[in-house]
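Everything below concerns the one structure shown next.
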Amino acid sequence: MLYSKHMHWSEVHVLEGTEPFALKEFVNAHGWRSLAPFHWDAGDSCLSHVRALPGGGSGAWHVTQAAPTEWRVTLQAAAPLCDSDREVLLEGVRWALRLDESFAGFHALCRDHAPLRRAAVQGQGRLLRSPDLWEDLVKTLCTTCTTWARTQSMVRALCDRWGELELATERRTFPTPVALAAAGPHELRAAGLGYRADTLYRLAERLVSGELDPNTLRSSDISTDAVRRALIALPGIGPYAAGNLLMLLGRYDHLAIDSWLRRVVREGWFSDRTDLTDAEIERAFQPFGSWKALVYWFWDWSR
DNA sequence: TTCCAGGGGTAGA
DNA sequence: TCTACCCATGGA
(Lines give C-alpha, C1' and ligand atoms only; values in the text may rest on other atoms or scores of the structure.)
Protein backbone atom coordinates (compact mmCIF):
# COMPACT_ATOMS: atom_id res chain seq x y z
CA MET A 1 0.00 0.00 0.00
CA LEU A 2 1.66 3.20 -1.10
CA TYR A 3 1.42 6.53 -2.80
CA SER A 4 2.49 6.50 -6.44
CA LYS A 5 4.72 9.16 -7.96
CA HIS A 6 1.57 11.11 -8.85
CA MET A 7 0.53 11.04 -5.19
CA HIS A 8 -2.38 8.65 -5.71
CA TRP A 9 -3.20 5.87 -3.26
CA SER A 10 -2.70 2.32 -4.42
CA GLU A 11 -3.07 -1.04 -2.68
CA VAL A 12 -2.97 -4.67 -3.83
CA HIS A 13 -5.23 -7.55 -2.80
CA VAL A 14 -5.57 -11.17 -3.87
CA LEU A 15 -9.09 -12.54 -4.27
CA GLU A 16 -9.90 -16.23 -4.53
CA GLY A 17 -12.70 -17.76 -6.59
CA THR A 18 -14.34 -21.14 -6.21
CA GLU A 19 -13.99 -22.39 -9.80
CA PRO A 20 -11.11 -21.88 -12.28
CA PHE A 21 -11.55 -19.79 -15.41
CA ALA A 22 -9.41 -17.81 -17.86
CA LEU A 23 -9.77 -14.02 -17.52
CA LYS A 24 -9.19 -13.31 -21.22
CA GLU A 25 -11.88 -15.73 -22.44
CA PHE A 26 -14.26 -14.56 -19.72
CA VAL A 27 -13.85 -10.90 -20.62
CA ASN A 28 -14.35 -11.59 -24.32
CA ALA A 29 -17.40 -13.85 -23.90
CA HIS A 30 -19.77 -10.93 -24.53
CA GLY A 31 -19.64 -7.24 -25.35
CA TRP A 32 -19.98 -5.75 -21.85
CA ARG A 33 -16.24 -5.16 -21.48
CA SER A 34 -16.36 -2.54 -24.24
CA LEU A 35 -18.94 -0.43 -22.38
CA ALA A 36 -17.56 2.43 -20.25
CA PRO A 37 -16.37 2.65 -17.58
CA PHE A 38 -14.92 -0.81 -18.14
CA HIS A 39 -11.52 -0.83 -19.76
CA TRP A 40 -9.83 -3.97 -21.08
CA ASP A 41 -6.10 -3.80 -21.76
CA ALA A 42 -5.56 -6.75 -24.12
CA GLY A 43 -1.78 -6.39 -23.98
CA ASP A 44 -1.57 -6.73 -20.20
CA SER A 45 -4.77 -8.84 -19.94
CA CYS A 46 -5.99 -6.39 -17.31
CA LEU A 47 -9.63 -5.47 -16.70
CA SER A 48 -10.31 -2.09 -15.05
CA HIS A 49 -13.31 -0.17 -13.78
CA VAL A 50 -13.88 3.12 -11.96
CA ARG A 51 -16.84 3.96 -9.76
CA ALA A 52 -18.18 6.56 -7.37
CA LEU A 53 -17.73 5.62 -3.71
CA PRO A 54 -20.25 5.98 -0.89
CA GLY A 55 -17.71 7.88 1.19
CA GLY A 56 -17.46 10.53 -1.55
CA GLY A 57 -14.91 10.65 -4.32
CA SER A 58 -14.22 7.69 -6.54
CA GLY A 59 -11.89 4.75 -6.96
CA ALA A 60 -10.59 2.31 -9.54
CA TRP A 61 -9.83 -1.40 -9.64
CA HIS A 62 -7.53 -3.28 -11.98
CA VAL A 63 -7.69 -7.09 -12.15
CA THR A 64 -5.21 -9.58 -13.60
CA GLN A 65 -5.10 -13.35 -13.32
CA ALA A 66 -2.62 -14.68 -10.74
CA ALA A 67 -3.62 -18.37 -10.85
CA PRO A 68 -6.61 -20.39 -12.17
CA THR A 69 -8.65 -19.38 -9.11
CA GLU A 70 -6.65 -16.34 -7.90
CA TRP A 71 -7.06 -12.71 -8.93
CA ARG A 72 -4.66 -9.87 -8.32
CA VAL A 73 -6.64 -6.70 -7.65
CA THR A 74 -5.03 -3.27 -7.52
CA LEU A 75 -7.20 -0.55 -6.01
CA GLN A 76 -6.48 3.07 -6.82
CA ALA A 77 -7.86 6.34 -5.49
CA ALA A 78 -6.85 9.94 -5.02
CA ALA A 79 -6.49 9.39 -1.26
CA PRO A 80 -6.25 6.38 1.12
CA LEU A 81 -9.42 4.30 1.10
CA CYS A 82 -11.60 3.97 4.18
CA ASP A 83 -12.72 0.44 5.09
CA SER A 84 -16.24 0.80 3.67
CA ASP A 85 -15.00 2.17 0.33
CA ARG A 86 -12.43 -0.63 0.08
CA GLU A 87 -15.18 -3.15 0.78
CA VAL A 88 -17.40 -1.63 -1.94
CA LEU A 89 -14.61 -1.87 -4.52
CA LEU A 90 -13.60 -5.44 -3.64
CA GLU A 91 -17.21 -6.64 -3.44
CA GLY A 92 -17.71 -5.07 -6.87
CA VAL A 93 -14.85 -7.13 -8.28
CA ARG A 94 -16.28 -10.36 -6.81
CA TRP A 95 -19.69 -9.53 -8.28
CA ALA A 96 -18.38 -8.46 -11.72
CA LEU A 97 -16.23 -11.60 -12.07
CA ARG A 98 -18.88 -13.85 -10.42
CA LEU A 99 -16.22 -15.31 -8.12
CA ASP A 100 -18.89 -16.90 -5.91
CA GLU A 101 -21.03 -18.40 -8.69
CA SER A 102 -20.90 -22.09 -9.63
CA PHE A 103 -21.22 -23.28 -13.22
CA ALA A 104 -20.91 -26.98 -12.40
CA GLY A 105 -24.55 -27.64 -13.36
CA PHE A 106 -24.10 -25.91 -16.70
CA HIS A 107 -20.93 -27.85 -17.45
CA ALA A 108 -22.68 -31.13 -16.62
CA LEU A 109 -25.36 -30.25 -19.18
CA CYS A 110 -22.68 -29.25 -21.73
CA ARG A 111 -21.10 -32.71 -21.69
CA ASP A 112 -24.30 -34.16 -23.19
CA HIS A 113 -24.24 -31.90 -26.26
CA ALA A 114 -21.37 -31.87 -28.74
CA PRO A 115 -21.69 -28.13 -29.60
CA LEU A 116 -21.40 -27.32 -25.88
CA ARG A 117 -18.50 -29.60 -24.94
CA ARG A 118 -15.97 -26.87 -25.63
CA ALA A 119 -17.71 -24.75 -22.98
CA ALA A 120 -17.37 -27.54 -20.42
CA VAL A 121 -13.74 -28.23 -21.29
CA GLN A 122 -12.75 -24.56 -21.15
CA GLY A 123 -14.84 -23.71 -18.11
CA GLN A 124 -17.01 -21.20 -19.99
CA GLY A 125 -20.38 -19.85 -18.88
CA ARG A 126 -19.27 -16.78 -16.97
CA LEU A 127 -20.43 -13.42 -18.35
CA LEU A 128 -18.98 -10.12 -17.19
CA ARG A 129 -21.37 -7.78 -15.38
CA SER A 130 -21.03 -4.29 -13.94
CA PRO A 131 -20.15 -3.97 -10.24
CA ASP A 132 -23.45 -2.20 -9.63
CA LEU A 133 -26.88 -3.34 -10.87
CA TRP A 134 -28.04 0.22 -11.58
CA GLU A 135 -25.22 0.44 -14.12
CA ASP A 136 -26.40 -2.74 -15.85
CA LEU A 137 -30.03 -1.58 -15.86
CA VAL A 138 -29.02 1.55 -17.76
CA LYS A 139 -26.64 -0.26 -20.09
CA THR A 140 -29.35 -2.76 -20.94
CA LEU A 141 -31.75 0.08 -21.74
CA CYS A 142 -29.09 1.44 -24.07
CA THR A 143 -29.02 -1.82 -26.06
CA THR A 144 -32.70 -1.62 -27.06
CA CYS A 145 -33.55 -0.99 -30.70
CA THR A 146 -30.18 0.33 -31.74
CA THR A 147 -26.82 -0.85 -33.01
CA TRP A 148 -24.04 -2.01 -30.72
CA ALA A 149 -21.89 0.92 -31.86
CA ARG A 150 -24.58 3.35 -30.72
CA THR A 151 -24.98 1.50 -27.41
CA GLN A 152 -21.29 2.07 -26.78
CA SER A 153 -21.51 5.74 -27.69
CA MET A 154 -24.61 6.30 -25.53
CA VAL A 155 -22.97 4.75 -22.47
CA ARG A 156 -19.79 6.70 -23.16
CA ALA A 157 -21.78 9.92 -23.41
CA LEU A 158 -23.49 9.25 -20.07
CA CYS A 159 -20.10 8.77 -18.38
CA ASP A 160 -18.48 11.74 -20.09
CA ARG A 161 -21.30 14.15 -19.27
CA TRP A 162 -22.50 12.98 -15.84
CA GLY A 163 -19.77 10.71 -14.49
CA GLU A 164 -17.25 11.81 -11.89
CA LEU A 165 -13.59 12.19 -12.87
CA GLU A 166 -11.52 9.53 -11.08
CA LEU A 167 -8.21 11.30 -10.52
CA ALA A 168 -5.85 8.31 -10.35
CA THR A 169 -6.92 6.94 -13.74
CA GLU A 170 -8.35 10.15 -15.24
CA ARG A 171 -11.38 8.14 -16.33
CA ARG A 172 -15.01 8.98 -15.66
CA THR A 173 -17.26 6.86 -13.47
CA PHE A 174 -20.72 5.70 -14.45
CA PRO A 175 -23.21 8.41 -13.44
CA THR A 176 -25.24 7.92 -10.27
CA PRO A 177 -29.08 7.88 -10.30
CA VAL A 178 -28.92 11.28 -8.58
CA ALA A 179 -26.84 12.72 -11.40
CA LEU A 180 -29.17 11.45 -14.15
CA ALA A 181 -32.34 12.45 -12.29
CA ALA A 182 -30.87 15.94 -11.89
CA ALA A 183 -29.97 16.05 -15.59
CA GLY A 184 -33.61 15.62 -16.62
CA PRO A 185 -35.13 14.06 -19.75
CA HIS A 186 -34.32 16.96 -22.09
CA GLU A 187 -30.60 16.91 -21.30
CA LEU A 188 -30.54 13.12 -21.62
CA ARG A 189 -32.20 13.35 -25.00
CA ALA A 190 -29.69 15.96 -26.10
CA ALA A 191 -26.91 13.52 -25.18
CA GLY A 192 -28.17 11.13 -27.86
CA LEU A 193 -30.34 8.79 -25.77
CA GLY A 194 -33.32 9.31 -28.08
CA TYR A 195 -36.66 7.92 -26.89
CA ARG A 196 -34.80 6.12 -24.08
CA ALA A 197 -34.27 9.48 -22.35
CA ASP A 198 -37.74 9.55 -20.77
CA THR A 199 -37.62 5.98 -19.44
CA LEU A 200 -34.07 6.42 -18.17
CA TYR A 201 -35.07 9.58 -16.33
CA ARG A 202 -38.08 7.83 -14.74
CA LEU A 203 -35.86 4.92 -13.72
CA ALA A 204 -33.33 7.27 -12.11
CA GLU A 205 -36.12 9.07 -10.24
CA ARG A 206 -37.41 5.79 -8.80
CA LEU A 207 -33.99 5.01 -7.39
CA VAL A 208 -33.46 8.51 -6.01
CA SER A 209 -36.87 8.49 -4.30
CA GLY A 210 -36.07 5.15 -2.69
CA GLU A 211 -39.09 3.60 -4.40
CA LEU A 212 -36.74 1.06 -5.99
CA ASP A 213 -33.56 -0.48 -4.62
CA PRO A 214 -32.21 -2.56 -7.51
CA ASN A 215 -29.92 -4.47 -5.20
CA THR A 216 -32.91 -6.23 -3.61
CA LEU A 217 -33.19 -7.96 -7.00
CA ARG A 218 -29.80 -9.53 -6.29
CA SER A 219 -31.21 -11.53 -3.38
CA SER A 220 -31.27 -15.29 -3.91
CA ASP A 221 -34.33 -15.49 -1.63
CA ILE A 222 -36.58 -14.20 -4.44
CA SER A 223 -37.87 -16.54 -7.14
CA THR A 224 -36.77 -15.93 -10.71
CA ASP A 225 -40.37 -15.27 -11.74
CA ALA A 226 -40.69 -12.62 -9.03
CA VAL A 227 -37.46 -10.95 -10.15
CA ARG A 228 -38.64 -11.03 -13.77
CA ARG A 229 -42.00 -9.47 -12.87
CA ALA A 230 -40.23 -6.74 -10.89
CA LEU A 231 -37.90 -6.02 -13.82
CA ILE A 232 -40.71 -5.84 -16.39
CA ALA A 233 -42.59 -3.45 -14.10
CA LEU A 234 -39.70 -0.97 -14.50
CA PRO A 235 -39.91 1.74 -17.16
CA GLY A 236 -38.31 0.69 -20.44
CA ILE A 237 -37.76 -2.94 -19.39
CA GLY A 238 -39.63 -5.50 -21.52
CA PRO A 239 -39.11 -9.21 -22.18
CA TYR A 240 -35.77 -8.78 -23.94
CA ALA A 241 -34.26 -6.40 -21.35
CA ALA A 242 -35.58 -8.52 -18.47
CA GLY A 243 -34.01 -11.62 -20.01
CA ASN A 244 -30.67 -9.85 -20.39
CA LEU A 245 -30.78 -8.58 -16.80
CA LEU A 246 -31.77 -12.00 -15.42
CA MET A 247 -28.74 -13.43 -17.21
CA LEU A 248 -26.53 -10.75 -15.67
CA LEU A 249 -28.07 -11.61 -12.28
CA GLY A 250 -27.02 -15.24 -12.72
CA ARG A 251 -30.47 -16.59 -13.60
CA TYR A 252 -30.41 -18.32 -16.97
CA ASP A 253 -33.91 -19.75 -17.43
CA HIS A 254 -35.16 -16.97 -19.74
CA LEU A 255 -33.83 -15.99 -23.17
CA ALA A 256 -33.20 -12.37 -24.11
CA ILE A 257 -34.70 -12.59 -27.59
CA ASP A 258 -33.40 -9.78 -29.79
CA SER A 259 -32.71 -9.45 -33.50
CA TRP A 260 -29.24 -10.96 -33.05
CA LEU A 261 -30.49 -14.10 -31.26
CA ARG A 262 -33.28 -14.52 -33.81
CA ARG A 263 -30.80 -14.48 -36.67
CA VAL A 264 -28.30 -16.87 -35.04
CA VAL A 265 -30.96 -19.41 -34.03
CA ARG A 266 -32.79 -19.13 -37.36
CA GLU A 267 -29.60 -19.86 -39.29
CA GLY A 268 -28.27 -22.46 -36.87
CA TRP A 269 -31.32 -24.56 -36.07
CA PHE A 270 -34.10 -23.68 -38.53
CA SER A 271 -32.46 -23.72 -41.99
CA ASP A 272 -32.76 -19.92 -42.17
CA ARG A 273 -36.57 -20.07 -42.18
CA THR A 274 -37.91 -16.53 -42.53
CA ASP A 275 -41.25 -17.20 -40.80
CA LEU A 276 -39.69 -18.41 -37.53
CA THR A 277 -41.61 -17.15 -34.48
CA ASP A 278 -40.35 -16.32 -30.99
CA ALA A 279 -42.64 -19.03 -29.61
CA GLU A 280 -40.82 -21.63 -31.74
CA ILE A 281 -37.48 -20.35 -30.47
CA GLU A 282 -38.72 -20.63 -26.87
CA ARG A 283 -39.86 -24.22 -27.50
CA ALA A 284 -36.50 -25.13 -29.04
CA PHE A 285 -34.70 -24.01 -25.86
CA GLN A 286 -37.21 -25.62 -23.48
CA PRO A 287 -35.12 -28.82 -23.01
CA PHE A 288 -32.26 -26.75 -21.56
CA GLY A 289 -34.31 -25.75 -18.52
CA SER A 290 -32.60 -23.32 -16.19
CA TRP A 291 -29.54 -22.93 -18.44
CA LYS A 292 -31.24 -21.64 -21.62
CA ALA A 293 -29.47 -18.28 -21.78
CA LEU A 294 -26.02 -19.83 -21.37
CA VAL A 295 -26.78 -22.54 -23.93
CA TYR A 296 -27.50 -19.77 -26.45
CA TRP A 297 -24.35 -17.82 -25.57
CA PHE A 298 -21.93 -20.74 -25.52
CA TRP A 299 -23.43 -23.02 -28.18
CA ASP A 300 -20.87 -23.49 -30.95
CA TRP A 301 -22.98 -21.99 -33.77
CA SER A 302 -20.14 -22.46 -36.27
CA ARG A 303 -20.49 -26.27 -36.20
C1' DT B 1 -35.15 8.72 -49.45
C1' DT B 2 -35.92 4.57 -47.18
C1' DC B 3 -34.84 1.02 -44.14
C1' DC B 4 -33.26 -1.03 -40.00
C1' DA B 5 -30.75 -1.65 -35.67
C1' DG B 6 -28.79 -6.85 -29.82
C1' DG B 7 -37.28 -3.31 -28.35
C1' DG B 8 -40.91 -1.19 -25.37
C1' DG B 9 -45.48 0.68 -24.62
C1' DT B 10 -50.06 1.13 -25.83
C1' DA B 11 -54.52 0.41 -27.98
C1' DG B 12 -57.66 -2.50 -29.99
C1' DA B 13 -59.24 -6.93 -31.35
C1' DT C 1 -52.49 -13.55 -26.44
C1' DC C 2 -51.78 -11.27 -30.94
C1' DT C 3 -51.21 -7.35 -34.10
C1' DA C 4 -50.37 -2.58 -35.61
C1' DC C 5 -48.35 1.44 -34.74
C1' DC C 6 -45.30 4.90 -32.77
C1' DC C 7 -41.31 6.07 -30.39
C1' DA C 8 -35.61 9.15 -31.73
C1' DT C 9 -31.32 8.42 -33.85
C1' DG C 10 -27.62 7.46 -37.12
C1' DG C 11 -25.59 4.65 -40.63
C1' DA C 12 -26.06 2.08 -44.92
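In what follows, every chain begins at residue 1, and chains take the letters A, B, ... in the order their sequences are listed. Just so it is clear, the structure is predicted and the values come from calculations on it, not from any experiment. Keep in mind that the numbers below use all heavy atoms, side chains included, and drop hydrogens, waters and symmetry copies.
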Starting at [atom1] of [X] and ending at [atom2] of [N], how long is that distance when rounded to a whole Å?
X      : N     : atom1 : atom2 : answer
A:L245 : B:dG6 : CG    : P     : 18 Å
A:R202 : C:dC7 : CZ    : C1'   : 13 Å
A:I281 : B:dG6 : CD1   : C1'   : 13 Å
A:D278 : B:dG6 : CG    : P     : 16 Å
A:L248 : B:dG6 : CG    : P     : 18 Å
A:Y201 : B:dG8 : OH    : P     : 23 Å
A:I232 : B:dG7 : CD1   : P     : 15 Å
A:D275 : C:dC2 : CG    : C1'   : 17 Å

Check nucleotides 8-12 of chain C for protein N or O atoms closer than 3.5 Å to its own N or O atoms and list the pairs.
from  : atom 1 : to     : atom 2 : distance (Å)
C:dA8 : OP1    : A:R189 : NH1    : 2.8
C:dA8 : OP1    : A:R189 : NH2    : 3.4
C:dA8 : O4'    : A:Y195 : N      : 3.4

Quantified in whole Å, what is the P atom distance between nucleotide B:dG6 and nucleotide C:dC5?
->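 About 24 Å, rounded to a whole number of Å.
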Answer with base, sugar-phosphate or nothing: what part of the nucleic acid does A:L255 contact at a heavy-atom distance below 4.0 Å?
-> nothing
Using a heavy-atom cut-off of under 4.0 Å over every strand shown, decide if A:A241 touches base, sugar-phosphate, or nothing.
->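 Since only primed, P, OP1 and OP2 atoms lie under 4.0 Å of A:A241, the category is sugar-phosphate.
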Walking DNA chain B from its 5' end, the first of A:W260 and A:I237 to be reached, judged by nearest nucleotide, is A:W260
Going by 5.5 Å between centroids and 30° between planes, is there a stack of A:W148 over B:dG6?
-> yes
Separation of A:L217 CG from A:R251 CZ (nearest 0.5 Å) |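 Rounded to the nearest 0.5 Å, the CZ-CG separation comes out at 9.0 Å.
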How long is the span from the CG atom in A:L165 to the CZ atom in A:R172, to the nearest 0.5 Å?
->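 Between A:L165 CG and A:R172 CZ, I get 5.0 Å after rounding to 0.5 Å.
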CZ of A:R156: more than 12 outside heavy atoms within 6.0 angstrom?
-> no
Can you establish whether the number of heavy atoms outside A:R206 located under 6.0 Å from its atom CZ is more than 12?
-> yes
Expected list for residues 293-301 of chain A: side-chain donor-acceptor pairs under 3.5 angstrom, two or more places apart:
from   : atom 1 : to     : atom 2 : distance (Å)
A:D300 : OD1    : A:S302 : N      : 3.2
A:D300 : OD1    : A:S302 : OG     : 2.6
A:W301 : NE1    : A:Y296 : O      : 3.0

Near-ring test A:F174/A:H49, centroid separation under 6.0 angstrom |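 Not under 6.0 Å, so no.
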Is any NZ, NE, NH1 or NH2 atom of the basic residue among A:K292 and A:E282 found under 4.0 Å from an Asp or Glu carboxylate oxygen of the other?
->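 No, this pair does not count.
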